[in-house]
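First the structure, in the form of structure tokens, and then the observations on it.
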Amino acid sequence: MEIGEVRKALISWGKVNFRQFPWRLTRNPYYILIAEVLLHRTRALQVVPVYERFILRFPDVATLSRAGKEELYNLLHSLGLFWRIEALYHLARIVVRDFSGQIPVEKHLLLSLPGVSDYIAGAVRCFAWDLPEVLMDTNTVRITGRLFGLPVRDSSRRSRKFAELLASLMDRDRPRDFYFALLDLADKICVAKNQPACHQCPVLVWCAHAARNTFQR
DNA sequence: ATCCGGCTGC
DNA sequence: GCAGCAGGAT
């Protein structure tokens, strides 16, 4: 398959169907890190109002590092997953103390932060600095699996095979635009439940899953 | 491999 | 009502 054509189709579709979430209109690594933590197993539309209040109250890491747990709880409790509150509380203090208030670029330093693992470390690097990262989340894994015709399981998120396939698929010159396109495609077309809207899909002709669907009718 | 949590669309 | 959510911790 012409992988360059697939990338081009994805990115041009993504440009038209770009969802303007507030954390997508910035390259500030702190804002992006906060967004990724809040987006953890939480729908984007549910995060928007909480994120905006959070950023307004804590516009930078230094301000956040002076926050009490109680105020953080008041801002974030509606999102559940309360361990994230503890993580952000410590994260801000560590960044101020060890990294002079700058979100680190190096992956191993990002990974040392509480609440940050492979996905969030990669997402911050990708969306803040446009670095080519393999971002394995529910959506990118589902699209990868369908495109290459593999069954998508919960364990696929940690699958090396999936990581290699996504690495081969991703656009290393424009990773930021590529992943925005993938996430928007997963939301609008390549949906998890029901049948995906393959007839509207920009990469329909290269997709193994779509081929099976149309072949079966 | 399993759990987490409030919230929302279905 | 209930399944599932821009994963990470346990």
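Just so it is clear: chains get the letters A, B, ... in the order the sequence lines come, proteins before strands, and each one is counted from 1.
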[X] has an atom [atom1]; how far is it from atom [atom2] of [N], in whole Å?
{"X": "A:Leu81", "N": "C:dT10", "atom1": "CG", "atom2": "C1'", "answer": "14 Å"}
{"X": "A:Tyr73", "N": "B:dG5", "atom1": "OH", "atom2": "P", "answer": "11 Å"}
{"X": "A:Arg158", "N": "C:dG7", "atom1": "CZ", "atom2": "P", "answer": "11 Å"}
{"X": "A:Asp118", "N": "C:dA9", "atom1": "CG", "atom2": "C1'", "answer": "13 Å"}
{"X": "A:Ile85", "N": "B:dG6", "atom1": "CD1", "atom2": "C1'", "answer": "11 Å"}
{"X": "A:Leu39", "N": "C:dC5", "atom1": "CG", "atom2": "P", "answer": "13 Å"}
{"X": "A:Glu86", "N": "C:dG8", "atom1": "CD", "atom2": "C1'", "answer": "15 Å"}
{"X": "A:Leu88", "N": "C:dG8", "atom1": "CG", "atom2": "C1'", "answer": "13 Å"}

**Item:** Residues from residues 122-146 of chain A lying under 4.0 Å of DNA chain C - heavy atoms
**Value:**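 Output list: A:Asp137, A:Thr138, A:Asn139.
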**Request:** May I ask you to verify whether the side chain of A:Arg41 and the base of B:dG6 hold a donor-acceptor pair under 3.5 Å?
**Result:**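 Not at all, since no donor on one side and acceptor on the other fall under 3.5 Å apart.
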**Item:** Distance-only donor-acceptor test, A:Arg24 side-chain atoms vs C:dA6 base atoms, 3.5 Å
**Value:**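 Present.
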Donor-acceptor pair, distance only, cut-off 3.5 Å: does the side chain of [X] make one with the backbone of [Y]?
{"X": "A:Thr26", "Y": "A:Trp23", "answer": "no"}
{"X": "A:Arg7", "Y": "A:Met170", "answer": "yes"}
{"X": "A:Thr42", "Y": "A:His40", "answer": "yes"}
{"X": "A:Lys69", "Y": "A:Glu86", "answer": "no"}
{"X": "A:Arg84", "Y": "A:Leu38", "answer": "yes"}

**Prompt:** Given C:dG8, C:dA6, B:dC10, which nucleotide is nearest the side-chain atoms of A:Arg43?
**Reply:**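 Shortest atom-to-atom distance from the side chain points to C:dA6.
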Give one of base, sugar-phosphate or nothing for [X], where a contact means two heavy atoms less than 4.0 Å apart.
{"X": "A:Arg153", "result": "nothing"}
{"X": "A:Asp154", "result": "base"}
{"X": "A:Ser78", "result": "sugar-phosphate"}
{"X": "A:Leu38", "result": "nothing"}
{"X": "A:Tyr179", "result": "nothing"}

**Asked** Does A:Leu81 share a hydrophobic cluster with A:Leu72, counting links as ILVMFWY side-chain heavy atoms below 4.5 Å and allowing steps through other members?
**Response**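 As far as the 4.5 Å side-chain criterion goes, A:Leu72 and A:Leu81 are not connected within one cluster.
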**Request:** Indicate, with yes or no, if A:Leu39 and A:Leu56 share a hydrophobic cluster defined by side-chain heavy-atom contacts under 4.5 Å among Ile, Leu, Val, Met, Phe, Trp and Tyr.
**Result:**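 Hydrophobic grouping puts A:Leu56 apart from A:Leu39.
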**Item:** Cation-pi, A:Tyr89 ring and A:Arg93 (6.0 angstrom, 45 degrees)
**Value:**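 Output yes; distance and angle both within limits.
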**Message:** Both A:Glu36 and A:Leu113 contact DNA chain C. Which one's nearest nucleotide lies toward the 5' end?
**Reply:**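 Its nearest nucleotide lies further toward 5', so the answer is A:Glu36.
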**Euclidean distance for P, B:dC10 against C:dA6 (whole angstrom)** =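 Taking atom P in both B:dC10 and C:dA6, they lie 14 Å apart.
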**Message:** Between B:dG5 and C:dG1, how far apart are the two P atoms, rounded to whole Å?
**Reply:**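 Comparing P positions in B:dG5 and C:dG1 gives a spacing of 23 Å.
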**Prompt:** C:dA6 pairs with which nucleotide, Watson-Crick or G-U wobble, both distances below 3.5 Å?
**Reply:**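 Pair assignment: C:dA6 / none.
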**A:Lys193 or A:Phe82, whichever maps to the more 5' nucleotide of DNA chain B** =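 Upstream on the strand: A:Phe82.
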